[in-house]
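Quick notes on the structure that follows.
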Amino acid sequence: MKNVVLIFSLFLFLFTSCQEKHRETSLEELKFNEPFRPQFHFSPPSQWMNDPNGMVYWDGEYHLFYQYYPDSNVWGPMHWGHAVSRNLVHWEHLPIALYPDENGWIFSGSAVMDVENTSGLGSKENPAMIAVFTFHNPTGEKEGRDDFQTQGIAYSTDKGRTWSMYEGNPVLKSPGIKDFRDPKVFWHKDSQRWIMSLAVKDKISFYTSANLIDWTYLSDFNPEWAAYGGVWECPDLFPLTTADGETKWILFVSINPGGPQGGSATQYFVGDFDGKSFSSTTQATKWLDWGADNYAGVTWSNVPDQDGRRLFIGWMGNWNYGQVVPTSPWRSAMTLPRSLHLSKKGDDYLLISRPIEELKKLRASNAEIKGEEIQFESELIELDLRTKSSDFRMELSNALGEKLILTGNNQTITLDRSQSGIIDFEKGFSSLQTAPLNGINVQSLTVYLDRSSIEVFVNNGELVLTSIQFPNEPYNRGILEGFEASNQMYTLKSIWR
Ligand code: FRU
């Protein structure tokens, strides 16, 4: 009997210590639960993040690297942080991929899979993942030189887990222009060459290479009529095909400042690329997103043909106030991933940004909304609303009277965050965000509300507004005016729990 008691006690001891351990793990998981911590958007565990970098798909994983400063929650000597996802919704944080070296800090850039081993840095059996990025040399900058930004490469043959700097770095030196950065590289099938788009002060320069190491200048793109309110950054060039089977090339150029809501934003051009130069078909400035908080976004490379989507993510921030937003111990998040599409309207083209289908995995419960007043228990919400016309008003608020107001009329759509919560960290933060409808007839709104952001997709992506806000309590009620009698609301699950 004694023995039985002993064995039982031992069992009880083991069982309770297992329980303890389990409790510890779940406390650990609570880390992503700080005030304002995005619950279904990517954010770094702590410290400063800006641009998404090096997005590439390989062997079942979407890689997301990002501009990262691990020693502070404001911008500083840049590294590449790293995360992977199997579904673009749930993310696994990985160790820092690239550290500054004698060539400089690691600024923005891209990553490709060198499947034909053109660089010789991997093999055809085990192709190298190659990151192409900007070295920013702070010493050269301090000395007043004008060639302190150069392009370098690094490679990994173990699915991005460990990285080696290429010994011959830099692979592309500056012609003596201070702003010479953010290489975005793709394999151009027609010319059987790599093409690099590079932001060079107020133009995009294109370069070509057979091996990702030796680069030759091709051409510049800087039409008179484009937006030049600030320095050009983070280009991306890729083809999209309309529903009628017409293929055009899209060129993204982020600019800071000079965006439509002040500060940073991304303009895009629709045109043709012949392997050497890009020419724009239409001559009007077009904005990828009309909200204040979508910058430096680019698209994933190497997405399998069977998938066929052009997948995008942007930095959900703005250089006007990104470094002073009231969050800790991290600063900033990425937008929701989106798939990009091209539609033709008369002689003009429109880029459509849609929330990716995978986000439906986040839906926890569904409620039909009837009438003008809504209540919601969860702070994580997707609203699928049908409007009666372009004349509508949506107000989301909390018991403190803090609110976000979205209104439409026949000409414009406006987001007002002037009473949204904490707004006093920067003067311009409370400005109205107004977008012209340019003939879009508003029929539906898809709204994603996270703890500190809202994304509004008009007519499934014909116009997008991405914006951040910091309510002192979660919004938990809404007023809808000008909508159909019945609409859908989903509560969403956190991706961190
Ligand atoms: C854009 C940008 C890039 C640069 C990086 C530095 O936000 O200014 O041009 O490479 O951030 O962090």
Side-chain angles (χ1 to χ4, degrees), residues 44 47-55 64-82 96-100 103-111 131-138 140-141 148-154 170 172 174 177-185 196-205 227-236 251-259 261-267 288-289 292-299 312-325 330-335 466 468:
Q47 309 296 38
W48 172 261
M49 174 180 86
N50 55 288
D51 313 356
N53 293 151
M55 290 119 75
L64 172 62
F65 301 87
Y66 51 89
Q67 288 287 278
Y68 188 48
Y69 183 32
D71 296 329
S72 168
N73 66 356
V74 292
W75 189 87
M78 284 289 121
H79 300 54
W80 273 26
H82 189 195
I96 291 175
L98 300 177
Y99 286 80
N103 284 304
W105 302 344
I106 316 296
F107 271 21
S108 287
S110 47
V132 188
F133 52 84
T134 299
F135 282 118
H136 174 95
N137 190 320
E141 186 182 23
F148 54 83
Q149 295 194 337
T150 57
Q151 317 316 315
I153 63 175
L172 179 60
S174 170
I177 299 172
K178 288 183 187 166
D179 296 297
F180 187 69
R181 59 175 177 268
D182 307 339
K184 181 75 162 75
V185 171
M196 176 197 290
S197 312
L198 196 69
V200 185
K201 194 177 169 194
D202 53 4
K203 61 188 181 195
I204 301 304
S205 296
Y228 292 99
V231 66
W232 282 25
E233 302 183 314
C234 300
D236 192 3
L251 178 66
F252 280 3
V253 178
S254 281
I255 84 169
N256 177 45
Q261 311 304 346
S264 35
T266 302
Q267 62 181 318
L288 173 66
D289 190 314
D293 297 295
N294 181 357
Y295 191 59
V298 288
T299 63
F312 167 93
I313 208 166
W315 174 46
M316 196 156 60
N318 188 309
W319 280 115
N320 274 0
Y321 44 75
Q323 299 187 79
V324 293
V325 294
W330 86 103
R331 270 215 182 92
S332 87
M334 296 302 176
T335 65
T466 302
I468 56 175

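All ligand and atom numbering here is 1-based and tracks the order in the structure. In this text, all values refer to a predicted model and were calculated from it rather than measured experimentally. In this chain, numbering begins with 1 at the start of the sequence shown.
Shown in contact with Y295 at under 4.0 Å from a heavy atom are these atoms of ligand 1, numbered in order with element: 1 (C), 7 (O). Against a heavy-atom cut-off of under 4.0 Å, R181 is close to the following atoms of ligand 1: 3 (C), 4 (C), 9 (O), 10 (O). Under a 4.0 Å criterion applied to the non-hydrogen atoms of M78, ligand 1 contributes the atoms 12 (O). Listed by number with element, the atoms of ligand 1 under 4.0 angstrom from any heavy atom of S108 are 5 (C), 10 (O).
Ring to ring, F107 and W75 are close: their centroids are under 6.0 angstrom apart. Taking the six-membered ring for Trp and the full ring otherwise, Y69 and W48 have centroids separated by 6.0 Å or more.
The minimum heavy-atom distance between P52 and G297, with the atom names listed, is CG-CA, 4.3 Å. Nearest approach of V132 to M196, heavy atoms of both residues: CG1-CE, 4.0 Å.
Taking the six-membered ring where the residue is Trp, F65 and W80 present tilted rings, their angle falling between 30° and 60°. Using cut-offs of 30° and 60° on the angle between ring planes, the pair W315 and W319 is tilted.
In terms of protein heavy atoms, atom 8 (O) of ligand 1 is closest to E233 OE2, 2.8 Å. Among protein heavy atoms, the minimum distance from atom 4 (C) of ligand 1 is reached at D182 OD1, 3.6 Å. Among all protein heavy atoms, the one lying closest to atom 2 (C) of ligand 1 is D51 OD2, 3.4 Å.
In this structure, W105 does not count as a contact residue of ligand 1, since none of its heavy atoms falls inside 4.0 Å of the ligand.
In terms of polar-atom proximity, Q67 is counted as a contact of ligand 1, with an N or O under 3.5 Å from an N or O of the ligand.
A 4.5 Å side-chain heavy-atom check between Q149 and S174 finds every atom pair outside the cut-off.
Contacts of T134 with ligand 1, taken as heavy-atom pairs under 4.0 Å, are absent altogether. Looking at W319 against ligand 1, only its side chain comes within 4.0 Å, counting heavy atoms.
A salt bridge is absent between D182 and K184: the closest approach of a Lys/Arg side-chain nitrogen to an acidic carboxylate oxygen does not fall below 4.0 angstrom.
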